[in-house]
Chemist: 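Encoded as structure tokens, here's the structure I'll be asking about.
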There are 2 protein chains.
Amino acid sequence: MDTNPQRISAAESEVMKVLWADSPKPAEDVLAILAKDHGWAEGTVKTLLNRLLKKGAIAADKDGRRFLYRPLVGREDYVDSESQGLLDRLFDGRLAPLVSHFSKREKLNPEDIAELRRLLDKIDDDQ
Amino acid sequence: MDTNPQRISAAESEVMKVLWADSPKPAEDVLAILAKDHGWAEGTVKTLLNRLLKKGAIAADKDGRRFLYRPLVGREDYVDSESQGLLDRLFDGRLAPLVSHFSKREKLNPEDIAELRRLLDKIDDDQ
DNA sequence: AGCCAACGATTACGCGTGTAAACGAATTGT
DNA sequence: ACAATTCGTTTACACGCGTAATCGTTGGCT
């Protein structure tokens, strides 16, 4: 059971990031990285790993005395649902209004614009 | 006190949307809209208005026996912090990777692409 | 003057989350 | 074999949020 996609919280997503970057990994390695990056205590990381397990977002495979954790939810899927959600909530589900917003806020430098243009050209080429 | 910008939750943002659309408004009007759109009870809307007041996101001006509510936080600012937050969390703070992501997920139709191109051209013209 | 209606303020309550500590079982070193 | 260490599991706890109900006050109506 648990066919339903459960939400991954902000703190949990930090754990996912670590596993997406390289997995499978023992809890120890995950802890080491998150302790360094976020100052999280061991218990915190353990809790997050367990919650992710319950949510079906990761799996744990026994490897001798310990477990190796790996993501079940793909990073692309996660990123997609998060960004689509934001677009839906704030920009009528479309990208252009978001870009327009950033432009109005002067958050686009010429380099960004050039990069976007290259991207669009490439998309056209591929199609 | 309360110089710090407090976070606006999802439900609260629905109230903000109503006030951004047209304000000032008495609670009754806000309620009417949200009851219709989301089926929220009176108490729910009152709570949300109060939380927004405490957070400093809206103001209430006495108008006879009731209050008229109006936003203090601008919609643009809200949209900006939300979208910048997402970009920072998922796309290294940059727009291009997001657009690239959408393209890979085949969420960009030719019309979207054309619109983006027009946007970029317009930005260039303005600068 | 007293009661009712309207409206804001206070209180409630379960769930998810951030942040851990404590507990228990298994393994390894002595 | 026993103790210490190492992992995973269970329990904890405060806070924000979604979702209201109830309380209290004030102004209007009779």
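This is a predicted model, so every value here is computed, not measured. To find a chain, count down the sequence lines: A is the first, B the second, and so on, and within it residues start at 1.
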Chemist: Could you give the distance from CZ (B:Phe91) to CG (B:Leu98), rounded to the nearest 0.5 Å?
Modeler: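 CG of B:Leu98 is found 4.0 Å from CZ of B:Phe91.
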
Chemist: Between A:Asp77 and B:Arg105, is there a side-chain N and carboxylate O pair less than 4.0 Å apart?
Modeler: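 Salt bridge between A:Asp77 and B:Arg105, a charged N being under 4.0 Å from a carboxylate O: yes.
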
Chemist: Whole angstrom is fine here: how far is it from CZ in B:Phe67 over to C1' in C:dA6?
Modeler: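 Between C1' of C:dA6 and CZ of B:Phe67: 13 Å.
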
Chemist: Of the listed nucleotides (D:dG8, D:dC17, C:dC7), which one gets closest to any side-chain atom of B:Arg7?
Modeler: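 Nearest listed nucleotide: D:dC17.
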
Chemist: Grab the CD1-C1' distance between B:Ile8 and D:dG16 for me, whole Å please.
Modeler: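 Going from B:Ile8 (CD1) to D:dG16 (C1'), I get 15 Å.
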
Chemist: Figure out the CG/C1' separation between B:Asp61 and C:dG8, and round it to whole Å.
Modeler: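 So the two atoms are 15 Å apart, to the nearest Å.
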
Chemist: How close do A:Ala60 and A:Leu53 get, counting heavy atoms only, and between which atoms?
Modeler: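 The pair with the smallest heavy-atom distance is N-CD2, 3.8 Å.
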
Chemist: So what is the end-to-end bend of the helix from C:dA1-D:dT30 to C:dT30-D:dA1, with 5 pairs used at each end and the value given to 10 degrees?
Modeler: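 Axis angle across the helix from C:dA1-D:dT30 to C:dT30-D:dA1, nearest 10°: 30°.
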
Chemist: Among the candidates D:dT10, C:dG8, C:dG18, find the nucleotide nearest to the side-chain atoms of A:Ala11.
Modeler: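 Of the candidates, C:dG18 comes closest.
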
Chemist: Just to verify, which of A:Arg70, A:Arg75, A:Glu76 counts as forming a side-chain contact (heavy atoms from CB on, under 4.5 Å) with A:Trp20?
Modeler: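 It is A:Arg75, the one option of A:Arg70, A:Arg75, A:Glu76 that forms the side-chain contact (heavy atoms from CB on, under 4.5 Å) with A:Trp20.
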
Chemist: How are the rings of B:Phe67 and B:Tyr69 set to each other: parallel, tilted or perpendicular (split at 30° and 60°)?
Modeler: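 Tilted, since the angle between the ring planes falls between 30° and 60°.
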
Chemist: Just N and O in the side chain of B:Lys62: are any of them under 4.0 Å from OP1 or OP2 of D:dT26?
Modeler: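 Answer no for this pair, as no side-chain N or O of B:Lys62 is under 4.0 Å from OP1 or OP2.
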
Chemist: Is B:Asp121 salt-bridged to B:Arg117, cutoff N-O under 4.0 Å?
Modeler: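 Looking at B:Asp121 and B:Arg117, the cut-off is not met.
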
Chemist: How long is the line joining CD of B:Glu14 and C1' of D:dT19, in whole Å?
Modeler: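 These atoms are roughly 15 Å apart.
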
Chemist: I'd like to compare against my own output: the B/S/- annotation of nucleotides 20-30 of chain C with a strict under-4.0 Å heavy-atom distance to protein.
Modeler: B------SS--

Chemist: Looking at residues at least two apart in the chain, or sitting in another chain, which of them share a side-chain hydrogen bond (donor to acceptor under 3.5 Å, both in side chains) with A:Arg94?
Modeler: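 Partners of A:Arg94 under the side-chain hydrogen bond (donor to acceptor under 3.5 Å, both in side chains) test: B:Glu115.
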
Chemist: Please give, in whole Å, the distance from D:dC7 P to A:Asn50 CG?
Modeler: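 Spelled out: CG on A:Asn50 to P on D:dC7 is 15 Å.
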
Chemist: Whole angstroms only, please: what is the CG-C1' distance between B:Leu49 and D:dT19?
Modeler: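 So the CG-C1' distance, B:Leu49 to D:dT19, works out to 14 Å.
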
Chemist: Scan A:Ala60 against the nucleic acid and name what it touches under 4.0 Å (heavy atoms): base, sugar-phosphate only, or nothing.
Modeler: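 No contact.
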
Chemist: Nearest to the side chain of B:Ser9, heavy atoms from C-beta on, is which of D:dC17, C:dT17, C:dG8?
Modeler: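 It is D:dC17.
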
Chemist: Starting at CZ of B:Arg66 and ending at C1' of C:dA5, how long is that distance when rounded to a whole Å?
Modeler: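 To the nearest whole Å, that distance equals 12 Å.
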
Chemist: Under 4.0 Å between a Lys/Arg side-chain N and an Asp/Glu carboxylate O for A:Glu82 and A:Arg7?
Modeler: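 Yes, this pair counts.
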
Chemist: What's the CG-C1' distance between A:Leu53 and D:dT9, to the nearest Å?
Modeler: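 The answer, rounded to whole Å, is 11 Å.
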
Chemist: For a quick test of reading the model, state the closest non-hydrogen atom pair linking A:Leu119 to B:Ala96 and the distance between them.
Modeler: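 Shortest heavy-atom separation between A:Leu119 and B:Ala96 comes out as CD1-O, 3.3 Å.
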
